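For the single chain, residues carry numbers from 1 onward in sequence order. One-based numbering, in listed order, for ligands and for the atoms of each. What you see is a predicted model; the values in this text were computed from it and never measured.
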Amino acid sequence: MGDLQVSEKIVTRVVDLRSDTVTKPTEAMRAAMATAEVDDDVLGFDPTAFRLETEIAKIFDKEAALFVPSGTMGNLISVLVHCDIRGSEVILGDISHIHIFENGGISTIGGVHPRTVKNNEDGTMDIGLIEAAIRDPRGELVYPTTRLICLENSHANSGGRCLSVEYTDNVGELAKKHGLKLHIDGARIFNAAVALGVPVHRLVQAADSVSVCLSKGLGAPAGTAIVGSKSFITKARRLRKTLGGGMRQVGILCAAALVALQENVGKLEGDHKKARILADGLHEIKGLRVDASSVQTNIIFIDIEESSRTTAAKLFKDLEERGVLVMPESSTRLRIVLHYQISESDVQYTLSSFQQAVKGVQNEHGN
Ligand SMILES: *Cc1c(COP(=O)(O)O)cnc(C)c1O
């Protein structure tokens with residue numbers, strides 16, 4: 001990776017673990033972009049967008065798919081299609097991405113009311129609590145109307161934990177029983193499918209719609225796909241235009257996403273393996289707390305113990321000086337996300353950088 005100027009020092013090695021969104025397009029992606037056959041996709045004529053959407057619908061065993069600019073727009077469109085009557089309510093996790101990190105768009109733009117249910121440590125919500133949150137239609141004079149349940153798989157804020165096929169099916173059954181729709185925020189659904197060892201279409205079988213990021217672990221430069229029934233996608237296409245997400249020769253981006261699908265799904269297992277090696281190593285460092293056994297995919301949370309005499313902010317800076325880039329989550333927590341542009345040697349370098357950074361602080365204090 002390239003040089004980076006950090007705090008006036010030049011470090012020659014950069015290990016970028018801030019997110020799996022930081023990957024750079026490969027030569028193959030750039031070549032595919034350069035030669036992509038394109039046309040106006042707002043008018044519905046871009047052949048490469050059509051190829052990508054056909055391919056993704058097939059992989060997910062749904063009737064149709066739509067390429068959208070971002071995961072945030074994918075979720076927003078999906079929620080709004082399912083909740084097209086004002087006064088609708090969606091049940092979602094209290095630390096879900098849609099609820100925490102998407103500017104509250106479902107309510108500010110969509111007029112949809114969020115009803116949160118507590119996320120357990122493994123990213124699930126208790127089925128009993130979901131059922132209890134469903135509004136009784138007999139109270140319609142005062143209640144919003146529940147129309148949708150949203151799950152997130154893998155669950156980012158729970159450290160990339162995976163929801164099982166069985167759990168997802170059970171939530172799907174509950175939704176059906178009450179006449180509700182089920183949407184899965186599957187920004188990292190391929191990570192979950194690989195970690196669980198199930199085909200991705202099986203994992204989302206119970207869902208009416210899924211939003212899938214192409215620019216996270218899969219490494220495309222931009223874009224998300226949403227999948228669902230033909231009538232869902234027809235409405236989604238219209239809403240995409242309303243929100244300003246219709247793009248003209250978008251096949252240039254879709255060409256890179258097609259390469260990402262072909263070449264990078266198979267690399268996710270390696271990312272998970274590297275995450276486990278890193279988590280096991282970090283677990284051994286005194287002053288850091290890492291629950292290595294809960295690392296199922298490519299995300300690691302690192303808690304800094306008070307006894308370590310460092311803080312997340314200080315450790316972040318000390319690592320940055322060594323060229324190791326991580327994400328501060330709070331005053332006592334850092335986050336690391338693995339991706340395929342991190343090598344095994346980068347993992348070893350990261351471990352020794354953490355060791356030096358934590359030890360350095362302890363030495364300053366005469367420990
Ligand atoms: C990244 C992410 C999104 C949104 O993606 P953007 O493309 O950044 O808008 C949605 N859900 C989850 C769980 C994510 O990790």
Side-chain angles (χ1 to χ4, degrees), residues 16-23 25 52 56 65-80 90 92-106 108-110 114 116 119-120 122-125 148-163 168 182-195 200 203-204 207 209-227 236 239-240 243-245 247 250 253-254 256-257 260 264 268 271-272 275 295-301 327 329 335-339:
D16 195 343
L17 298 162
R18 289 171 301 166
S19 177
D20 47 6
T21 55
V22 301
T23 53
L52 175 70
I56 291 195
L66 184 71
F67 182 83
V68 298
S70 69
T72 299
M73 193 185 282
N75 283 329
L76 179 60
I77 289 173
S78 301
V79 171
L80 298 202
V90 51
L92 76 183
D94 66 342
I95 56 168
S96 63
H97 197 281
I98 296 177
H99 193 58
I100 303 289
F101 292 123
E102 298 181 13
N103 294 126
I106 61 166
T108 56
I109 294 173
T116 58
N119 276 121
N120 298 316
D122 63 1
T124 61
M125 299 174 272
L148 176 67
I149 301 170
C150 288
L151 297 178
E152 182 179 316
N153 200 8
S154 68
H155 198 273
N157 256 342
S158 306
R161 304 273 291 263
C162 307
L163 311 185
T168 309
L182 174 62
H183 171 70
I184 298 179
D185 175 357
R188 298 190 180 87
I189 194 75
F190 281 106
N191 293 84
V194 165
V200 74
L203 192 51
V204 303
S209 60
V210 188
S211 166
V212 185
C213 279
L214 302 163
S215 61
K216 293 212 163 150
L218 298 188
T224 279
I226 50 181
V227 298
L239 251 174
R240 183 184 68 174
L243 295 170
M247 295 185 283
V250 74
L253 289 177
C254 296
N264 294 344
L268 296 175
D271 296 346
H272 302 168
V295 173
Q296 296 176 348
T297 57
N298 63 335
I299 302 176
I300 307 172
F301 286 140
M327 193 74 99
E329 282 273 307
R335 189 194 76 171
I336 275 178
V337 186
L338 275 292
H339 52 79

Checklist line | Distance from atom 3 (C) of ligand 1 to nearest protein heavy atom, with residue and atom | finding: His97 CE1, 3.3 Å

Margin query: I'd like to know if the side chain of Ser215 and the backbone of Pro221 have a donor-acceptor N/O pair within less than 3.5 Å.
Written below: no

Next item on the list: Evaluate the side chain to side chain donor-acceptor pair (under 3.5 Å) criterion for residues Asn119 and Asn157: first the C-alpha distance (whole Å), next the side-chain angles of each, then the deciding distance (0.1 Å), finally the verdict.
Entry: CA-CA 9 Å; Asn119 276 121; Asn157 256 342; over 6 Å; no

Next item on the list: Check whether any side-chain heavy atom of Leu66 lies under 4.5 Å from a side-chain heavy atom of Arg240, and answer yes or no.
Entry: yes

Margin query: If we count only N and O atoms by modelled type, under 3.5 Å, do the side chains of His272 and Gln296 hold a donor and an acceptor together?
Written below: no

Check: So is Asp185 close enough to ligand 1, meaning a heavy atom under 4.0 angstrom away?
Finding: yes

Note to self: Side chain, backbone, both or neither: which applies to Thr21 and ligand 1 if a contact is any heavy-atom pair less than 4.0 Å apart?
What the structure shows: neither

Margin query: Which residue and atom name correspond to the protein heavy atom nearest atom 7 (O) of ligand 1, and how close is it?
Written below: Gly71 N, 2.8 Å

Margin query: Below 4.0 Å, non-hydrogen atoms only: which portion of Ser70 touches ligand 1? Side chain, backbone, both or neither.
Written below: both

Margin query: We want to know whether Asn75 and His183 form a side-chain donor-acceptor pair, criterion being a heavy-atom distance below 3.5 angstrom.
Written below: yes

Next item on the list: Check each atom of ligand 1 against the heavy atoms of Ala187 and keep those under 4.0 Å away; list them by number with element.
Entry: 2 (C), 11 (N), 12 (C), 13 (C), 14 (C), 15 (O)

Item checked: atom 13 (C) of ligand 1: the protein heavy-atom neighbour that sits closest, reported with distance to 0.1 Å -> Glu152 OE2, 3.2 Å

Item checked: Nitrogen or oxygen atoms of Lys216 and ligand 1 under 3.5 Å apart -> yes

Item checked: Polar contact flag for Arg188 and ligand 1 (N/O pairs, less than 3.5 Å) -> yes

Notebook entry, point to check: What is the closest protein heavy atom to atom 9 (O) of ligand 1, and at what distance does it sit?
Noted result: Thr72 OG1, 2.5 Å

Check: Is any side-chain heavy atom of Leu163 less than 4.5 Å from a side-chain heavy atom of Leu151?
Finding: yes

Next item on the list: Check whether any side-chain heavy atom of Pro69 lies under 4.5 Å from a side-chain heavy atom of Thr224, and answer yes or no.
Entry: no

